[in-house]
Amino acid sequence: MDLNPYSEHSRRTQERTPRARPQLADVQLYSDFRNVGFLENFLSPAGKLLPRSKTKLPPVAHRDVMRKIKTARNMALIAGEALFEKRHLRYLREREDRERRLAVQSMTVVEHAQQPGVSS
């Protein structure tokens with residue numbers, strides 16, 4: 001490996017291979033609001049639409065795919081975005097903790113009442 005940045009084999013002089021972009025005809029052929037498996041390729045794990053810089057689609061195809069994803073969401077074929085605010089998540093955790101503590105307390109009261117020789 002040559003560490004000289006000015007040599008012929010430097011990384012700066014090497015040509016980069018462009019990323020393969022899906023052809024417009026292929027995307028239009030397979031993108032349909034009923035083809036959920038194909039459309040999920042353009043969604044993040046949280047269900048958000050991926051930007052064009054990530055999908056590497058031409059602008060026309062990207063708009064078409066996003067329109068079809070929105071149609072599939074309106075028809076309830078794809079789940080919507082998971083939008084949870086931090087306050088809402090904190091409220092859910094506090095509620096779960098409260099329910100867990102109440103369940104533990106009720107179990108200890110029942111166990112205490114079932115012991116022989118304990119009068120209330």
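Index from 1, following the sequence.
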Asp32: salt bridge (charged side-chain N to carboxylate O under 4.0 Å, His left out) partners, not counting sequence neighbours = Arg34
Do [X] and [Y] come close enough that some side-chain heavy atom pair is under 4.5 Å?
| X | Y | value |
| --- | --- | --- |
| Leu43 | Leu49 | yes |
| Arg52 | Thr55 | yes |
| His62 | Pro59 | no |

Hey, is Lys68 close enough to Asp64 for a salt bridge, meaning N to O under 4.0 Å?
-> yes
Which donor-acceptor pairs under 3.5 Å do the side chains of residues 69-78 make with protein atoms, sequence neighbours left out?
{"unit_1": "Thr71", "atom_1": "OG1", "unit_2": "Arg67", "atom_2": "O", "d": "2.9"}
{"unit_1": "Arg73", "atom_1": "NH2", "unit_2": "Gly47", "atom_2": "O", "d": "2.2"}
{"unit_1": "Asn74", "atom_1": "ND2", "unit_2": "Lys70", "atom_2": "O", "d": "3.4"}

Which heavy atom in Phe38 sits nearest to a heavy atom in Tyr30, and how many Å separate them?
-> CD2-O, 3.6 Å
Taking all non-hydrogen atoms of both residues, which atom of Phe42 and which atom of Val65 are closest, and how far apart?
-> CD1-CG1, 3.5 Å
Can Val27 be reached from Val36 by stepping across I, L, V, M, F, W or Y side chains whose heavy atoms are under 4.5 Å apart?
-> yes
